[in-house]
Amino acid sequence: MTKRIAIIGGGIAGNAILHHVVNHPKFDDSFRIDIFDSKERMGRGKPYIEDSEVLLLNIPSDEMSMTNAPYNFVEWLESKNIPVHNYNSRKHFGDYSEEMFRRTAGVHSSVQLIDCKVTDVVYNEEIESYAVTSEIKSEEYDAVFLTVGQLSYSDPYRLKEKQNYIHNPYPLNYNITEIDGSVGVIGTGLSAIDCVRYLIMEQSVDGVRLFSRSGDMPSVRGTSYDLNIQYFTEEAVDAYIKDDLISLDKIIKLFKKEMSAQGVDEKLFYRHPESTLDDLKYDINHADAVGKLQYLIIAVNPLFSRVFPYFTKSDKSRFMREIHPLIDKNHSPMPPEVAAQLVEWAEDGRVVVIDGIDKVVTNTQFEVMTDSNEMFTVDYLINATGPIKDVEKETSPLIVNLVDRMLIASSELGGLIVDKEHRIISPRYGTLKHMYAIGNLTFSSDYMSNTVNILVKTTKLMVEGIMED
Ligand SMILES: Cc1cc2nc3c(=O)[nH]c(=O)nc-3n(C[C@H](O)[C@H](O)[C@H](O)COP(=O)(O)OP(=O)(O)OC[C@H]3O[C@@H](n4cnc5c(N)ncnc54)[C@H](O)[C@@H]3O)c2cc1C
């Protein structure tokens, strides 16, 4: 019997799913796989589209790979005679990932790449099948993977459609082209840093103001460590499962024990000098200590994803309130080269970070007001606040329809709810047997497990479970 599979979204998660399915020993001629995405994102995903080469990976090039097999990104760069840097451009990673994806799809006639967006999925409970409607066709499938990535960009100051407001800046080299006047960026995260680099290095602007509520920037990647985890292990964590729950207090205690065994000072979590600039300098000057903390977090990240579904609702909220900000700050650090450049620009007065932003008023210019009643005016304002988290607030047709049909529901922490096998939990039908979601869309269920390497591993586990089924 033919097994018809739809993968909605051909970014990093969709790409990894395809790879694991076709390489599984149970894959045969009975499978038919359709993958939907726009042509420019197929095989690459949103962060790795064609864009300026000054937008860099935030993970060292030699730690990036789309497979668990040896053919990794660095080998690909070498094979193309592209210089290998500590951090290559995200565009080049997209070229690599797309090439691997198209090669995998190309050798299987049963795999079709469909260059369009999906707008709806209708579940037929009686025959357990899914009608997937795209911009060009509607067809029935036995299984659906929802891998559409981040939701739309948020608009915290309701400026969408205002002239000279750039709501979603990516691709930067398409959306930000003729800046003629002063420019501000809302946000201080990795996307804001992309904008600063692009504006100064490619658009030759004199200076950029970064506006945010907290002024907090990601940390700076320190020295790399290959840590041998002693206490915070899968067995230790699993031993805490009681009545299908794990206590957050026990996890915190175990993590502290691991920190102490690895010689990581807990105080590092609270290292935040007065200014953003000093914060960056601190990390640059303490690369060994900061790196050990970061690589400890990276090493145990998959375990946080494992325990997260076992927390009670109140433990999840407490975790997000008290622990998450500490992990988040150290989880996706910026490359040290990028930090050093930012410090230089800040010292030259070309980059200014303004925190305490309260509201933005539009007159002939944008008037950005702080909570201490200071006002800054700029001619152009770029939104780098990132995506919305609540699926119920999303405006793209597919998610709107899925919410409306009650196929998906928002997780209390953002994204949508899935079970431990990544089956979607529908408020109308319960756990959907063959509809799965993974990637950025499940960021709260899979606590922060969205880096390429982790996604490649978690999609493998998910696919293995499904293929056995
Ligand atoms: C700016 C940025 C930089 C990052 N840098 C790194 C890094 O250096 N290293 C690292 O390991 N991780 C990095 N990450 C994290 C990680 O790579 C991404 O989170 C990863 O791309 C998530 O995979 P995904 O498949 O969920 O989403 P994506 O890769 O974005 O794929 C989702 C795909 O779904 C498609 N889609 C959306 N709606 C529809 C629809 N209705 N129909 C069909 N298709 C649809 C989109 O076009 C997109 O191609 C970065 C993330 C961001 C945002």
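Every number for a ligand or one of its atoms is a count from 1 in the order of the listing. Treat the numbers as computed from the prediction; the structure is a model and nothing was measured.
- A side-chain N or O of N383 and one of T385 form a donor-acceptor pair less than 3.5 Å apart.
- Using a 3.5 Å distance cut-off with no hydrogens or angles, the side chains of Y123 and S426 do not pair a donor with an acceptor.
- Taking atom 45 (C) of ligand 1 as the reference point, the nearest protein heavy-atom neighbour is K117 CD, 3.7 Å.
- If you check which protein heavy atom lies closest to atom 4 (C) of ligand 1, you get N58 ND2, 3.9 Å.
- Ring centroids of Y141 and Y130 are separated by 6.0 Å or more, keeping the two rings apart.
- The closest approach between a heavy atom of R90 and any atom of ligand 1 is below 4.0 Å.
- The shortest N/O to N/O separation between A13 and ligand 1 falls below 3.5 Å.
- A salt bridge between K162 and D155 is absent, with no side-chain N of the basic residue lying under 4.0 Å from a carboxylate O of the acidic one.
- Numbered from 1 in the order shown, with element, the atoms of ligand 1 that lie under 4.0 Å from a heavy atom of V452 read 10 (C), 11 (O), 12 (N), 17 (O).
- Regarding atom 41 (N) of ligand 1, its nearest protein heavy-atom neighbour is V118 O, 2.9 Å.
- The distance criterion of under 3.5 Å between nitrogen or oxygen atoms is not met by C116 with respect to ligand 1.
- Side-chain polar atoms of T119 and T133 form no donor-acceptor pair below 3.5 angstrom.
- Contact annotation: Y48 has at least one heavy atom less than 4.0 Å from an atom of ligand 1.
- The closest donor-acceptor contact from the side chain of R423 to the backbone of L432 lies at 3.5 Å or more, if one exists at all.
- Classification of the F304-F319 ring pair by plane angle, with boundaries at 30° and 60°, yields tilted.
- At a 4.0 Å heavy-atom cut-off, ligand 1 touches T147 through the backbone alone.
- In this comparison of G439, G11, A16, P47, the heavy atom closest to atom 52 (C) of ligand 1 sits on P47.
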